[in-house]
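We name chains A, B, ... by the order of the sequence lines, and we start the count at 1 in each one. Everything numeric in this text was worked out from a predicted model, so none of it was measured.
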Amino acid sequence: MPEGPSIIILRELAQELKLEGKKVISAEGNTKIDLERLKGQKLVAFKSWGKHFLICFQDFTIRIHLLMFGSYRFNERKDSPVRLRLSFKGAELNFYTCSVKLLEGNIEDHYNWGGDIMSDEWDAKAAAKKLKSIPDTLVCDALLDQDIFAGVGNIIKNEVLYRVAVDPHSKVGDLPPAKTKQLIKEAQQYSFDFLKWKKENTLKSHWLIHTKKKCPEEHTVHKAYLGNTKRRSFFSTKCQNLYE
DNA sequence: AAGGATGTTGCCTG
DNA sequence: TCAGGCAACATCCT
């Protein structure tokens, strides 16, 4: 469920609850963090960075990572054990099967927003610089590197590589500079397309290559677990070898 | 209807 | 020593 765009949706839903300035009435759940810290704390803001959802208080921030199976419900409950429940006057946030971490101090000291593909502050030039420093890395691994493209996940990886006609086996350093630039641009563009389609519930119908048997050109789609990350790659060797 | 996946961490091994 | 393997998490889709 959760690549960067899905976390934007989560953040927007939280922001719609208008809880900024309200105090935590109670905190429960089977998370290992100290729940006592949360009680009585005044919510400052909801933020996000890549796949991280951030609940910011005065002196610390709760970081939620949904990993592969995480889920959440606002103002309703699931049957399964809750990992973290935050109750405010008139609203309740429930998180399940997720990673919960407490980050001390000012959130600005923990994150560089320019690394988040979905951020207004996304820094494409910085991404280009990072890619330049790892020429032997496969592009399929580079796109999943959260230190370069925070928020990009496996679906985005596959769709971006198809759209820019780059084979996932390519080494970063073998791409012509214009192609690298296009790759970075498309990572951002497709992430926002993903967001729009996810909101419309039409994400899957827009997949060109991910989980497909045939690409839009009717070529065979290959499936392989590539690179250090060994995540599923779907690709058409006929469409994706163009380094012009 | 069993098997795998939109993800990451951390332990174990060689 | 450190990179790779792999389990864990527990749900939903095919």
Enquirer: Can you tell me how far C1' in C/dC9 sits from the matching atom in B/dA1, rounded to whole Å?
Expert: 22 Å

Enquirer: Determine the interatomic distance between P on C/dA7 and the same-named atom on B/dG3; round to the nearest Å.
Expert: 14 Å

Enquirer: How far, in whole Å, is B/dG4 from C/dC6 if one measures between their C1' atoms?
Expert: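 It works out to 15 Å between them.
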
Enquirer: Provide, to the nearest angstrom, the distance between the CG atom belonging to A/Asn228 and the P atom belonging to B/dG7.
Expert: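 Answer to the nearest Å: 16 Å.
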
Enquirer: Just checking, is any N or O donor in the side chain of A/Lys185 or A/Gln182 under 3.5 Å from an acceptor N or O on the other one?
Expert: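 Per modelled atom types, A/Lys185 and A/Gln182 side chains form no pair under 3.5 Å.
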
Enquirer: Less than 4.0 angstrom between a side-chain N/O of A/Arg83 and OP1 or OP2 of C/dC9, yes or no?
Expert: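 No, because none of the side-chain N or O atoms of A/Arg83 sits under 4.0 Å from OP1 or OP2 of C/dC9.
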
Enquirer: Count the heavy atoms of every other residue, nucleotide or ligand shown that sit under 6.0 Å from NZ of A/Lys23, and state whether that count exceeds 12.
Expert: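 Open.
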
Enquirer: Answer yes or no: is there a side-chain heavy-atom contact under 4.5 Å between A/Lys157 and A/Phe149?
Expert: no

Enquirer: At 4.0 Å (heavy atoms only), tell me whether A/Ser80 reaches a base, stays on the sugar-phosphate, or touches nothing.
Expert: sugar-phosphate

Enquirer: Quickly work out the A/Lys32 NZ to C/dA8 C1' distance and round it to whole Å.
Expert: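 Distance, rounded to whole Å: 11 Å.
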
Enquirer: Taking only N and O in the side chain of A/Lys51, is any of them less than 4.0 Å away from OP1 or OP2 of B/dT6?
Expert: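 It does not, given that no N or O in the side chain of A/Lys51 lies less than 4.0 Å from OP1 or OP2 of B/dT6.
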
Enquirer: Compare side-chain N and O positions of A/Arg231 against OP1 and OP2 of B/dA5 and report whether any pair is under 4.0 Å apart.
Expert: no

Enquirer: Taking a pair as Watson-Crick (N1 to N3 plus N6-O4 or O6-N4) or G-U wobble (N1-O2 and O6-N3), both under 3.5 Å, which stems of 3 or more consecutive pairs involve DNA chain C?
Expert: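 Stems found: B:2-5 with C:11-14, B:7-14 with C:2-9.
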
Enquirer: Do the side-chain N or O atoms of A/His65 get closer than 4.0 angstrom to the phosphate oxygens (OP1, OP2) of B/dG7?
Expert: no

Enquirer: What is the separation between atom CZ on A/Arg63 and atom P on B/dT9, rounded to the nearest whole Å?
Expert: 7 Å

Enquirer: So what does A/Lys101 hit on the nucleic acid, given a heavy-atom distance under 4.0 Å: a base, only sugar-phosphate, or nothing?
Expert: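 Touches nothing.
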
Enquirer: A/Pro81 or A/Lys204: which one's nearest nucleotide on DNA chain C is closer to the 5' end?
Expert: A/Pro81

Enquirer: In this structure, how many angstroms lie between the P atom of B/dA5 and the CD1 atom of A/Ile156, rounded?
Expert: 18 Å

Enquirer: Consider the side chain of A/Thr97, meaning its heavy atoms from C-beta on, and name the nucleotide among B/dA5, B/dG7, C/dA10 that approaches it most closely.
Expert: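 For the A/Thr97 side chain, the nearest candidate turns out to be C/dA10.
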
Enquirer: How many Å lie between CD1 on A/Ile64 and P on C/dC9, as a whole number?
Expert: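 One finds 18 Å between P of C/dC9 and CD1 of A/Ile64, rounded.
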
Enquirer: Tell me if the centroids of the rings in A/Phe194 and A/Phe192 come within less than 6.0 Å of each other.
Expert: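 Judged by ring-centre distance (under 6.0 Å), A/Phe194 and A/Phe192 do not meet the cut-off.
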
Enquirer: Report the C-alpha distance between A/Asn94 and A/Arg77 in whole Å, list the side-chain angles of each, state the deciding distance to 0.1 Å, and finish with yes or no for side chain to side chain donor-acceptor pair (under 3.5 Å).
Expert: CA-CA 7 Å; A/Asn94 294 300; A/Arg77 297 178 180 193; 4.9 Å; no

Enquirer: Can you tell which of B/dG7, B/dA5, C/dG4 lies closest to the side chain of A/Glu3?
Expert: B/dG7

Enquirer: Rounded to the Å, how far apart are A/Phe149 CZ and B/dT8 C1'?
Expert: 19 Å

Enquirer: Please confirm whether the backbone N or O of A/Glu104 pairs with a side-chain atom of A/His110, one donor and one acceptor, at under 3.5 Å?
Expert: yes

Enquirer: Would you mind reading off the distance between A/Met68 atom CE and C/dT11 atom P, rounded to a whole angstrom?
Expert: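 These atoms are roughly 15 Å apart.
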
Enquirer: Do NZ/NE/NH1/NH2 and the carboxylate oxygens of A/Glu92 and A/Arg85 come within less than 4.0 Å?
Expert: yes

Enquirer: If you pin A/Asn30 and A/Lys230 to their nearest nucleotides in DNA chain C, which one's is more 5'?
Expert: A/Lys230

Enquirer: For A/Phe69 and C/dT11, what is the distance between atoms CZ and P respectively, to the nearest whole Å?
Expert: 9 Å

Enquirer: Taking A/Ile148 as the starting point, is it possible to reach A/Leu144 by hopping between hydrophobic residues whose side chains are less than 4.5 Å apart?
Expert: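 No.
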
